[in-house]
Structures are given as C-alpha cells and as structure tokens.
Amino acid sequence: MNLIELDRALKQLRLGGMAAVLETRLRQAQAEPLAPIDLLSCLVSDELALRGERLLERRTKQASSATRTRLSITSTSLSTRR
C-alpha cells in the first residue's frame, strides 16, 4: 500500500487526524530513530487530540446556539407582555 492509498484508507476509516499528519510523522520517523510502536503511538495521539478539539468546538457551538435561542425566546416573550 502506498502513501496515497493509505491516506484514502485512513479517511475511509474516519481517521482523518491520522491522515492529516501521516506524512509529517513518517518524515519524523525517518529523521530520528523512532520505533514502529512510537510512530503508531504518535499517530493515535494526534487523532485523539484532533477529536478532542472537534468535540470542544461542537459543544461550544451548540452552547452558543442554545443561548441565542433562549435569549431570543426570552426577548420575544418580554416584548409581547408589554
């Protein structure tokens, strides 16, 4: 399997974080003596970090949206009471 096929397979498995840093990590493994388990560990850590960032972004966006909805409902109900 070449790099293009591996990238495609990682994305198909929904491992986009790994796919994004694969080439960089492979260069790092070639530049410094990096055991295969360490390379895999770096790739998994990168994937987990990206997923954590995306989860935080999603939750922040949901909270912001819910707050705006509540404020809109509150301001609408206050304006109808007058």
Side-chain angles (χ1 to χ4, degrees):
M1 187 177 282
N2 64 31
L3 191 57
I4 294 170
E5 293 169 334
L6 186 54
D7 184 64
R8 193 175 300 135
L10 287 171
K11 288 178 181 174
Q12 184 177 359
L13 291 169
R14 299 187 185 275
L15 296 170
M18 276 189 198
V21 296
L22 178 63
E23 202 168 338
T24 303
R25 290 299 187 181
L26 287 173
R27 277 195 220 110
Q28 178 187 2
Q30 290 172 345
E32 56 189 70
L34 196 60
I37 190 71
D38 294 331
L39 173 62
L40 187 56
S41 177
C42 287
L43 289 168
V44 169
S45 294
D46 292 337
E47 179 69 29
L48 288 172
L50 182 67
R51 288 181 183 216
E53 290 170 12
R54 286 180 181 162
L55 178 63
L56 183 60
E57 287 172 8
R58 258 193 330 270
R59 288 188 175 169
T60 302
K61 187 176 177 181
Q62 287 172 346
S64 175
S65 176
T67 301
R68 274 187 266 132
T69 302
R70 274 189 246 125
L71 288 174
S72 174
I73 291 170
T74 303
S75 66
T76 302
S77 65
L78 289 175
S79 66
T80 57
R81 289 182 185 173
R82 293 177 188 182

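These figures come from a predicted structure and were not determined experimentally. Side-chain atoms are counted along with the backbone in the values below, which use heavy atoms only and exclude waters and symmetry mates.
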With sequence neighbours left out, what residues match Arg51 under side chain to side chain contact (heavy atoms under 4.5 Å, CB included)? Leu15, Glu47
Find out if a path of hydrophobic residues (ILVMFWY) with successive side-chain heavy-atom gaps under 4.5 Å connects Leu22 to Ile37. no
Are Leu48 and Leu56 linked, directly or through intermediate hydrophobic residues, by side-chain heavy-atom contacts shorter than 4.5 Å (ILVMFWY only)? no
Do any side-chain atoms of residues 4-13 form donor-acceptor pairs under 3.5 angstrom with protein atoms, and if so which ones, sequence neighbours left out?
| unit_1 | atom_1 | unit_2 | atom_2 | d |
| --- | --- | --- | --- | --- |
| Glu5 | OE1 | Asn2 | N | 3.1 |
| Asp7 | OD2 | Lys11 | NZ | 3.3 |

Residues forming a side chain to side chain contact (heavy atoms under 4.5 Å, CB included) with Ala63, sequence neighbours excluded: none
The complete set of salt bridge (Lys or Arg N to Asp or Glu O under 4.0 Å) pairs with one or both residues in residues 27-36, sequence neighbours excluded, reads Glu23-Arg27
Hits for side chain to side chain contact (heavy atoms under 4.5 Å, CB included) against Leu39, two or more places apart or cross-chain, chain-then-number order -> Arg25, Leu26, Ala29, Leu34, Leu43
OG-CG distance between Ser41 and Asp46, expressed to the nearest 0.5 angstrom: 9.5 Å
CG on Asp38 to OG on Ser45, rounded to 0.5 Å: 10.5 Å
Qualifying side-chain hydrogen bond (donor to acceptor under 3.5 Å, both in side chains) pairs, either residue in residues 53-63, two or more places apart: none
According to a hydrophobic-cluster definition based on side-chain heavy atoms being under 4.5 Å apart (Ile, Leu, Val, Met, Phe, Trp, Tyr only), do Leu50 and Val44 belong together? no
